[in-house]
Protein chains: 2
Amino acid sequence: MSVKLRFEPRRYLFDEGDAPRYVFSIASGTVCLSKALSDGRRQITGFLFAGDFIGLAHGETCAYTAEALTPVEVCRFPRDRFERYMTEHPHVERRLLQIASTELAAAQDQMLLLGRKTATERVASFLIRLSDRAVAHGRSGNPVCLPMTRAEIGDYLGLTLETVSRTMTQLRKRGAIDLDNTSVVRLTSEETLRRLAGV
Amino acid sequence: MSVKLRFEPRRYLFDEGDAPRYVFSIASGTVCLSKALSDGRRQITGFLFAGDFIGLAHGETCAYTAEALTPVEVCRFPRDRFERYMTEHPHVERRLLQIASTELAAAQDQMLLLGRKTATERVASFLIRLSDRAVAHGRSGNPVCLPMTRAEIGDYLGLTLETVSRTMTQLRKRGAIDLDNTSVVRLTSEETLRRLAGV
DNA sequence: CGCGGCATTGAGGTGCATCAAAGACAGTGG
DNA sequence: CCACTGTCTTTGATGCACCTCAATGCCGCG
């Protein structure tokens, strides 16, 4: 019923507008979900990691694009079969409702971030979320790995890549973080960072 | 099992951080859901109307505030009983999953709007959405009623009330809309409006 | 070594916020 | 019926946070 697949960086699992034929479960790697405007502006709506589920929020067509940022391994299920299976196993349906509920809460948090937070608050919030998420997955929350580029962080936070970069150096100068290299951030003062994240 | 209640404008159905004791179904009126930062900045995450359901996305505490904008009539259900009922009636659970899925898609749309759209695109998108929603509810999509203030629209679109006001007059000057009064908008050129909404 | 992709930094511009004032409108009470 | 009040909206003047454009630096890889 399921297939194990591998996607290289920059490959699409599916594209906005495609018929939603499959759902996925991520075994390893990082995936981003995004929506785009016709002129190329895009908004990344979430980063997904091992254990995460892809396939909610589709109607007649996929509502967003799913792209591998790193090498990614997934289990792929035909959508119709998955739905039949779900109908026959209410606890799966219940679990999916929990997932949807959690994602909805995260989406609302992100709306607050995008609509009302400053660049500093956005970047600080982002780093804290990644750290908390790593802890929730049983990994270390410090240092934090950033398996995505500055441009992708910008597309997630509603900023340009330059502003993300400038804000990170500003956080470094303020003593909140330290960069081991461009994709590994040590949170030197989580307290400062949480304060800067603004609630 | 349920109670019918009435809330006057500016009353809260519940507040961010409350224990989530109830779920609601709106019988009439307009409700907004919002999240706030400690300094008072807030983001409205959605406007709800007759027929809509309130109660998703709660964990240990309510993740957002629900406030009546107009006189509102609701059916209120104790959360625990509702969940028990849901477990015993899988089709209710399935329906709730559909609702969550739809809301998630709407949330992703809103992230694109908040992260990447200009003020003009935001206001135009907002008016079109309200119009489409009215049609989906079997009411006329033109003219569109705005049962919320400019400040509330601003808190929804990530703008200030002044920018919302300026943008509306600009849309009027461009011939896309006309204001019968401050809370009734006629879409004089839906085509122009959709073009300005950007995708 | 040299190339390509990504990150950082700088200089300058702009879209929206902020601050301020005046206009529109509904409700209230004399 | 109208003055009065409070709330909401519109419009104007100014400032700033972030964007844009451009140059340079960094690093892995063939």
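Computed from a predicted model, the values in this text were never measured in an experiment. Below, chains carry the letters A, B, ... as their sequence lines are ordered, and counting in each starts from 1.
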If only atom types and distance count, is the side chain of [X] paired as donor or acceptor with the main-chain N or O of [Y] below 3.5 Å?
X        : Y        : answer
B/Arg122 : B/Lys117 : yes
A/Thr188 : A/Gly175 : yes
A/Arg116 : B/Arg42  : yes
A/Asp132 : A/Arg129 : no

Rounding to a whole Å, what distance do you find between [X]:[atom1] and [N]:[atom2]?
X        : N      : atom1 : atom2 : value
A/Arg116 : D/dC18 : CZ    : P     : 13 Å
A/Leu69  : C/dC6  : CG    : P     : 11 Å
B/Leu179 : D/dC8  : CG    : P     : 18 Å
A/Asp180 : C/dA7  : CG    : C1'   : 16 Å
B/Leu161 : C/dT18 : CG    : P     : 10 Å
A/Leu157 : D/dC18 : CG    : P     : 12 Å
B/Arg41  : D/dA17 : CZ    : P     : 13 Å
B/Arg172 : D/dT10 : CZ    : P     : 7 Å

*Residues in side chain to side chain donor-acceptor pair (under 3.5 Å) contact with B/Thr30, at least two apart in sequence or another chain*: none
*With sequence neighbours left out, write down each residue that passes side chain to side chain donor-acceptor pair (under 3.5 Å) with A/Arg195, or none if nothing qualifies.*
none
From [atom1] ([X]) to [atom2] ([Y]), nearest 0.5 Å:
X        : Y        : atom1 : atom2 : result
A/Thr65  : A/Asp18  : OG1   : CG    : 7.5 Å
B/Glu152 : B/Ser34  : CD    : OG    : 9.5 Å
B/Glu190 : B/Leu127 : CD    : CG    : 10.5 Å

*Do B/Phe24 and B/Phe82 have ring centres separated by under 6.0 Å?*
no
*Please write out which residues are connected to A/Leu37 in a hydrophobic cluster, directly or through intermediates, given that two of Ile, Leu, Val, Met, Phe, Trp, Tyr count as joined at side-chain heavy-atom separations below 4.5 angstrom.*
B/Leu112, B/Val199
Please produce a list of atom pairs where a protein N or O lies less than 3.5 Å from an N or O of nucleotides 27-30 of chain D.
none

_Checking side-chain polar atoms at under 3.5 Å, does A/Ser183 have a donor or acceptor matched by the opposite partner on A/Asn181?_
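Present: a donor and an acceptor within the cut-off.
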Which pairs of donor and acceptor atoms, one on a side chain in residues 93-106 of chain A, lie under 3.5 Å apart (sequence neighbours left out)?
{"residue": "A/Glu93", "atom": "OE2", "partner": "B/Arg94", "partner atom": "NE", "Å": "3.1"}
{"residue": "A/Arg94", "atom": "NE", "partner": "B/Glu93", "partner atom": "OE2", "Å": "3.1"}
{"residue": "A/Arg94", "atom": "NH2", "partner": "B/Thr87", "partner atom": "OG1", "Å": "3.2"}
{"residue": "A/Arg95", "atom": "NH1", "partner": "A/Gln98", "partner atom": "OE1", "Å": "2.9"}
{"residue": "A/Ser101", "atom": "OG", "partner": "B/Ala57", "partner atom": "N", "Å": "2.9"}
{"residue": "A/Thr102", "atom": "OG1", "partner": "A/Gln98", "partner atom": "O", "Å": "2.9"}

_Please list all pairs meeting ring-ring contact (aromatic ring centres under 6.0 Å, His included) that have one or both residues in residues 129-179 of chain B, counting only residues at least two apart or in different chains._
B/Phe47-B/Tyr156, B/Phe126-B/Tyr156
*Which side chain to side chain donor-acceptor pair (under 3.5 Å) pairs, counting each pair once, include a residue from residues 168-179 of chain B, with sequence neighbours left out?*
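Found B/Thr120-B/Gln170.
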Please produce a list of atom pairs where a protein N or O lies less than 3.5 Å from an N or O of nucleotides 19-25 of chain C.
{"residue": "C/dC19", "atom": "N4", "partner": "B/Glu162", "partner atom": "OE2", "Å": "3.1"}

*the helix from C/dC1-D/dG30 to C/dG30-D/dC1: angle between end helix axes, five pairs per end, rounded to 10 degrees*: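 Terminal axis comparison yields 30°.
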_Tell me which residues in residues 192-199 of chain A lie within less than 4.0 Å of DNA chain D, going by non-hydrogen atoms._
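Those residues: none at all.
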Could you pull out the protein-nucleic contacts involving nucleotides 13-16 of chain C (nitrogen or oxygen on both sides, under 3.5 Å)?
{"residue": "C/dC16", "atom": "OP1", "partner": "B/Ala119", "partner atom": "N", "Å": "2.8"}

*asked:* Closest approach to the side chain of A/Arg150, judged atom by atom: which nucleotide of C/dT8, D/dT10, C/dC6 is it?
replied: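 Of the candidates, C/dT8 comes closest.
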Quiz: residues 4-14 of chain B side-chain donor-acceptor pairs under 3.5 angstrom, not counting sequence neighbours:
{"residue": "B/Arg6", "atom": "NE", "partner": "B/Glu8", "partner atom": "OE2", "Å": "2.9"}

